[in-house]
2 protein chains.
Amino acid sequence: MRYGNHILEIVNTSDTHMTAEQIFLALKQRYPKVVLATVYNNLNTLYQNGKIRKISMEGQPDRYDKSIRHDHLVCSGCGRLSDIYLPDITAQMEQELGFSIQSYDLKIRYLCPECRKEQQR
Amino acid sequence: MRYGNHILEIVNTSDTHMTAEQIFLALKQRYPKVVLATVYNNLNTLYQNGKIRKISMEGQPDRYDKSIRHDHLVCSGCGRLSDIYLPDITAQMEQELGFSIQSYDLKIRYLCPECRKEQQR
DNA sequence: TATTAAAAATAGAATCGTTCTAGTTTAAGG
DNA sequence: CCTTAAACTAGAACGATTCTATTTTTAATA
């Protein structure tokens, strides 16, 4: 994985949630010969090794995200996705379930301030 | 939406999480002339009207689900997706966040009993 | 340093879920 | 009935992702 570290850095330092294409374009700046399939290969490997997260959103290309635990807010108006750091509820879940879990994905749907304004008209 | 009600019924009464293709095949039994694009159209409309839920899973076709509130368990071994009815944590989330939300999606990753056995070898 | 083998990258075709377009049928209201 | 809009059909098109075959790079070893 010649590009693995750089791809990981791109994903980790981005605060947006980048698509493979966007990561490819960013990587291309330093390595102009790199090809999209390579980026996919690297992303898949990083994902399988738990180094990054993958977010699938309906109708959109998958997005890649840093692996540190956090949750997501999705605005149901504009669709914008943002990070939110809520307390870990793993223990709570496990207590409810009665068995242990590996992780969880929490996606919260809301209306962002701008879309709320928009809607009030 | 000539097929709307029947599609809704298929989704609501299924305990698996059906793909558009599977729903199409089920619907075809009663309406042999129906076409996949129509099923997609209907599913999209139902989804936009909040009658059904849509679950996007990486690398797989979208799945459709009843809209009543529940959460999901995904086995990280075999990938099987199942329903789980945990208490609603909307209020808890809102308290943490300080603003109101519309809904949330909670997907819990774990190892199902069969895969746990498998792994112990 | 040269040799070799394995791993990663490249190019581009292929796949497959989903949407789109244009034409046709159906349903509802006047 | 007649008209019009909505829904459906057929099949092409699209786009994200994967696959295949080939080439390049890397790393190990002699």
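The sequence lines fix the lettering, A, B, ..., with proteins before strands; numbering per chain opens at 1.
- Closest approach to the B:Pro61 side chain among C:dC20, C:dT18, C:dT10 is made by C:dT18 (side chain taken as heavy atoms from C-beta onward).
- In the 5' to 3' direction, nucleotides of DNA chain D lying under 4.0 Å from heavy atoms of chain B begin and end at D:dA7 to D:dG11.
- Remark: the B:Tyr3 side chain and the B:Arg30 side chain contain no N/O donor-acceptor pair separated by less than 3.5 Å.
- Atom NZ of A:Lys28 is separated from atom P of C:dT10 by 11 Å (rounded to the nearest Å).
- Going from atom CG of B:Asp15 over to atom NZ of B:Lys66 covers 7.0 Å, rounded to the nearest 0.5 Å.
- Along DNA chain C, the nucleotide closest to A:Gly4 and the one closest to B:Ala20 are compared, and the more 5′ of them pairs with A:Gly4.
- For B:Tyr40 and C:dT19, the shortest distance from a side-chain N or O to OP1 or OP2 is not below 4.0 Å.
- Atom OG of residue A:Ser103 and atom CE of residue A:Met93 lie 12.5 Å apart, to the nearest 0.5 angstrom.
- The phosphate of C:dA9 (OP1 or OP2) has a side-chain N or O of A:Asn42 nearer than 4.0 angstrom.
- Screening A:Asn42, A:Asn41, A:Ile7 for a side-chain contact (heavy atoms from CB on, under 4.5 Å) involving A:Met1 leaves a single residue, A:Asn42.
- Put simply, CG on A:Leu27 is 12 Å from C1' on C:dA9, counting in whole angstrom units.
- Between A:Asn41 and B:Met1, the residue whose closest nucleotide on DNA chain D is further toward the 5' end is B:Met1.
- Counting only N and O atoms by type, the side chains of B:His72 and B:Asp105 include no donor and acceptor under 3.5 Å apart.
- In this structure, OH in A:Tyr85 is found 5.0 Å from NE2 in A:His70, a value given to the nearest 0.5 Å.
- If you measure from atom CG of B:Leu36 to atom P of C:dT21, you get 18 Å, rounded to the nearest angstrom.
- Regarding A:Asn5, its CG atom lies at a distance of 13 Å from the P atom of C:dA8, rounded to whole Å.
- Distances shown here put a side-chain N or O of B:Asn44 below 4.0 Å from the OP1 or OP2 atom of C:dT19.
- Of the two residues contacting DNA chain D, namely B:Tyr3 and B:Gly59, the nearest-nucleotide position lying further toward the 5' end is that of B:Tyr3.
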